[in-house]
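This report refers to the structure that appears directly beneath it.
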2 protein chains.
Amino acid sequence: MSTPKTLDRTLLALADPTRRAILQRLSSGEARVTDVAQPFKMSLNAVSKHILVLERAKLVQRRKVGRDHFLSYRAEPLDAAAQWIEQTRHFWGSRLDALEKLLREEDANRS
Amino acid sequence: MSTPKTLDRTLLALADPTRRAILQRLSSGEARVTDVAQPFKMSLNAVSKHILVLERAKLVQRRKVGRDHFLSYRAEPLDAAAQWIEQTRHFWGSRLDALEKLLREEDANRS
DNA sequence: GATATAATCAACCAAAAGGTTGAATATATT
DNA sequence: AATATATTCAACCTTTTGGTTGATTATATC
């Protein structure tokens with residue numbers, strides 16, 4: 001499971017196309033900060049900040065080798081987020097069929 | 001599927017405990033703005049803003065009846081987000097086993 | 001018609017997000 | 001030792017976020 005704050009960090013980190021692209025890049029293996037930044041139009045510093053956000057969310061891990069920082073993708077937070085979403089979908093979506101839900105709403109409106 | 005911007009809005013909307021609590025409340029049926037706001041310590045206006053964020057993400061739908069605005073939970077964006085995450089997990093996580101991934105990384109480091 | 005209720009709008013504020021540039025730090029290379 | 005490279009740190013800027021309070025709009029109720 002994931003605490004609310006952890007979930008916040010994970011979802012927030014994923015709610016940005018640049019950061020998702022970075023993760024995608026890392027999903028096929030380790031890369032240095034400069035390499036990760038290369039495809040983007042923004043500055044290296046901007047990418048460095050995005051990486052920090054991903055690190056805070058534990059979606060990215062850093063391994064320093066000399067002046068190079070090797071970044072790698074960690075799947076656990078995504079797993080946790082998926083678990084939360086699936087669980088949520090189950091409880092909010094499928095548990096009630098359409099009729100049941102309708103009845104509940106009518107009941108609520110009556111009060 | 002969901003466009004990047006749609007996904008951004010969905011994930012951003014979900015990345016806040018207040019908004020998740022609002023959705024949870026609505027998952028058991030329609031409710032008016034005031035009713036939704038009641039359990040929170042913050043002002044009605046603050047909650048109203050959160051609802052707007054959820055509406056922009058299409059996670060909440062509004063039905064006006066007189067002066068009352070009835071809010072309801074819509075599952076589609078969550079479904080789309082879940083789909084994205086599952087697909088992503090599949091391609092980034094499980095496709096390669098540990099050995100394959102290691103080999104790829106060694107190859108990358110060699111360059 | 002007067003008043004109460006449901007909700008937004010508007011202005012403001014502080015903090016965070018996302019970007020910039022320039023300086024600093026640490027490590028390699030010559 | 002001098003220089004180049006990899007990266008962060010620091011300061012700054014603009015926009016967004018998350019909250020406030022006070023006014024406004026629309027609808028019910030007495």
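Naming: A, B, ... by sequence-line order, numbering from 1 per chain.
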The side-chain contact (heavy atoms from CB on, under 4.5 Å) partners of A:S48 (sequence neighbours excluded) come to none

Would you mind classifying the nucleic acid contact of B:I51 as base, sugar-phosphate or nothing, using non-hydrogen atoms under 4.0 angstrom?
nothing

Pick out the pairs of N or O atoms, protein on one side and nucleotides 28-30 of chain D on the other, that lie under 3.5 Å.
none

Taking the side chain of B:K49 as heavy atoms from C-beta outward, which of C:dA7, D:dG18, C:dA17 is closest to it?
D:dG18

Counting heavy atoms from C-beta on, name the nucleotide in C:dT8, D:dT7, D:dG18 closest to the side chain of A:V33.
D:dT7

Is the NZ or CZ atom of A:R20 positioned over B:W84's six-membered ring, under 6.0 angstrom from the centre and within 45° of the axis?
yes

Using the rule side-chain contact (heavy atoms from CB on, under 4.5 Å), only one of A:L11, A:L59, A:L7 pairs with A:P77; which is it?
A:L59

Closest-nucleotide 5' rank along DNA chain C - winner of A:H50 and A:D68:
A:H50

Looking at residues 36-46 of chain A, who's got a heavy atom less than 4.0 Å off DNA chain C?
A:M42, A:S43, A:N45, A:A46

Just wondering, do B:L54 and B:Y73 contact through their side chains at under 4.5 Å, heavy atoms?
no

So which residues get pulled into B:L12's cluster when ILVMFWY side chains under 4.5 Å apart are joined, directly or through others?
A:L12

Are B:D35 and B:R32 side-chain neighbours, meaning at least one heavy-atom pair lies under 4.5 Å?
yes

Suppose the criterion is salt bridge (Lys or Arg N to Asp or Glu O under 4.0 Å): which pairs have a residue in residues 49-62 of chain B, not counting sequence neighbours?
B:E55-B:R62

Whole angstrom value for the distance that separates C1' of D:dT17 from CG of A:D16
15 Å

Would you tell me if any nitrogen or oxygen in the side chain of B:S48 comes within less than 4.0 Å of OP1 or OP2 on C:dT8?
yes

5'-most by nearest nucleotide on DNA chain C - B:E55 or A:T18
B:E55

Which residues pass the side-chain contact (heavy atoms from CB on, under 4.5 Å) test with A:L44, sequence neighbours left out?
A:V33, A:A37

Give the rounded distance in Å between these two atoms: CG of A:D8 and P of D:dT17.
15 Å

